[in-house]
Amino acid sequence: MPEGEFKHITYDRLTRTNAVLLLVDHQVGLVAGSRYPEPQDLRKNVVGLARASKILGLPIVVTTTMSDGMFGPLFPELADLLKDQEIIDRTKVNPFDEPRIPTSIKKIGKSKVIIAGVNTAVCTCFPAISARNAGYSAYAAIDASGAFDETERQTAITRMNQAGVIVADYNAIVVEMLENNADPLAAQVYAAIGQSHFVSMRDIYSTITTSKIVPPVRGIQ
């Protein structure tokens, strides 16, 4: 890498006001083969990401593939969470090839797209690279996306990195958007991503540091 190239790199923060979440094909007929993470963890992670995003007021675009066929509907717990959300069903492999999806994202008017797909190499990688081509900053929520094996996962990450996609775990994505632990929504957000113990630790620290108890004077009973 040429000397001095790093000086132009900046931290363009992901926030709740500049991002939209795209969820791709988290369907009951597609999850069984996931091993990175395991199916139960993938389901938990994507629900946590979606729930935290809703708490933070993030717009969400949801798509499925042929949900009336062998791929089936969304995970029940995700469908319940998104019951008031339009689900865009399609036949195209890449969601960005279905005009309703890029049109929906464009109408929302955000500069960054967070993508989580049931399959990392296809459902996450293809739309993430397409989002980059369309001029968005793209973030791949890697543990809210699934892979059949480590080779698939690593090659997909490499391909996305080469295209300029930012790969991160969903906890980091959510906490970056939360930004401030004093935010009134912090407790709900941490609970949504299974990190409610952070709030308990915060409360304990607050109690200790604001205590008005005067220590006893040595020698006085």
Side-chain angles (χ1 to χ4, degrees), residues 14 16-17 19-92 95 98 100-101 103-105 107-108 110 112-120 122-124 127-128 139-148 168-178 183-200:
L14 183 66
R16 69 189 79 177
T17 59
V20 55
L21 174 63
L22 174 62
L23 299 177
V24 183
D25 300 352
H26 291 93
Q27 297 165 251
V28 296
L30 292 170
V31 68
S34 180
R35 292 296 174 266
Y36 292 86
E38 292 289 334
Q40 67 274 13
D41 293 322
L42 175 56
R43 295 173 75 135
K44 174 182 69 68
N45 293 349
V46 71
V47 170
L49 174 61
R51 181 174 287 119
S53 296
K54 288 194 70 173
I55 293 168
L56 291 171
L58 216 69
I60 303 176
V61 176
V62 188
T63 181
T64 54
T65 297
M66 302 177 69
S67 60
D68 291 331
M70 63 180 179
F71 298 140
L74 288 175
F75 306 157
E77 60 272 41
L78 187 60
D80 183 62
L81 179 66
L82 302 173
K83 58 188 174 185
D84 298 323
Q85 179 85 36
E86 178 189 8
I87 310 297
I88 302 175
D89 199 51
R90 68 187 202 286
T91 60
K92 298 283 190 178
E98 166 53 60
R100 290 174 294 167
I101 294 170
T103 297
S104 296
I105 292 172
K107 283 182 179 179
I108 291 169
K110 307 299 182 180
K112 301 178 184 296
V113 183
I114 302 163
I115 300 105
V118 75
N119 178 264
T120 305
V122 176
C123 303
T124 302
Y139 292 72
I142 198 64
D143 53 350
S145 306
F148 298 126
D169 67 275
Y170 86 99
N171 280 299
I173 288 171
V174 168
V175 173
E176 185 171 359
M177 292 190 293
L178 174 62
D183 191 302
L185 297 175
Q188 295 180 58
V189 169
Y190 281 122
I193 60 177
Q195 303 291 341
S196 55
H197 61 280
F198 286 165
V199 179
S200 300

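Keep in mind that what you see is a predicted model, and the values were worked out from it rather than measured.
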Tell me if a side-chain donor or acceptor on [X] pairs with a main-chain N or O of [Y] at a distance below 3.5 Å.
| X | Y | result |
| --- | --- | --- |
| D80 | P76 | no |
| H26 | A144 | yes |
| K110 | T17 | yes |
| E77 | R43 | no |
| R51 | L81 | no |
| Q27 | T65 | yes |
| D143 | Y170 | yes |

Tell me the closest heavy-atom pair linking [X] and [Y], and the distance in Å.
| X | Y | result |
| --- | --- | --- |
| I55 | A192 | CD1-CB, 3.9 Å |
| A141 | A116 | CB-CB, 4.1 Å |
| L42 | S34 | CD2-OG, 3.9 Å |
| P39 | V31 | CG-O, 3.6 Å |
| I60 | S53 | CD1-CB, 4.3 Å |
| L58 | A19 | CD1-O, 3.5 Å |

- Give the C-alpha distance, both sets of side-chain angles, the deciding distance and a yes or no for side chain to side chain contact (heavy atoms under 4.5 Å, CB included) between L82 and K54. CA-CA 9 Å; L82 302 173; K54 288 194 70 173; 4.2 Å; yes
- Item | Donor-acceptor pair between T64 and D25 side chains, under 3.5 angstrom |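 Judged by distance alone, the side chains do not pair up.
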- Does a donor on one side chain sit under 3.5 Å from an acceptor on the other, for T120 and S145?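 No donor-acceptor contact under 3.5 Å links the two side chains.
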To the nearest 0.5 angstrom, please state how far the [atom1] atom of [X] sits from the [atom2] atom of [Y].
| X | Y | atom1 | atom2 | answer |
| --- | --- | --- | --- | --- |
| Y139 | M177 | OH | CE | 10.0 Å |
| I173 | L178 | CD1 | CG | 14.0 Å |
| L49 | I193 | CG | CD1 | 9.5 Å |
| S67 | L30 | OG | CG | 10.5 Å |
| I114 | L14 | CD1 | CG | 4.5 Å |

- Task: Please step through side chain to side chain contact (heavy atoms under 4.5 Å, CB included) for the pair V62 and L74, ending with a clear verdict.
- Result: CA-CA 10 Å; V62 188; L74 288 175; 4.0 Å; yes
- Message: Which residue in the set R90, R100, E86, K92 passes side chain to side chain donor-acceptor pair (under 3.5 Å) when paired with T63?
- Response: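 It is R90; the other options fail the test.
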- Candidate pair V174 and Y190, rule side chain to side chain contact (heavy atoms under 4.5 Å, CB included), full reasoning: CA-CA 9 Å; V174 168; Y190 281 122; over 6 Å; no
Taking the side chain as C-beta and beyond, is there a heavy-atom pair between [X] and [Y] under 4.5 Å?
| X | Y | answer |
| --- | --- | --- |
| I108 | V61 | yes |
| L185 | Q188 | yes |
| L21 | P59 | no |

- Evaluate the criterion side chain to side chain contact (heavy atoms under 4.5 Å, CB included) for residue pair L56 and V189; output intermediate values, then yes/no. CA-CA 8 Å; L56 291 171; V189 169; 3.8 Å; yes
- Just do the salt bridge (Lys or Arg N to Asp or Glu O under 4.0 Å) check on D41 and R35 with the steps written out, would you? CA-CA 9 Å; D41 293 322; R35 292 296 174 266; over 6 Å; no
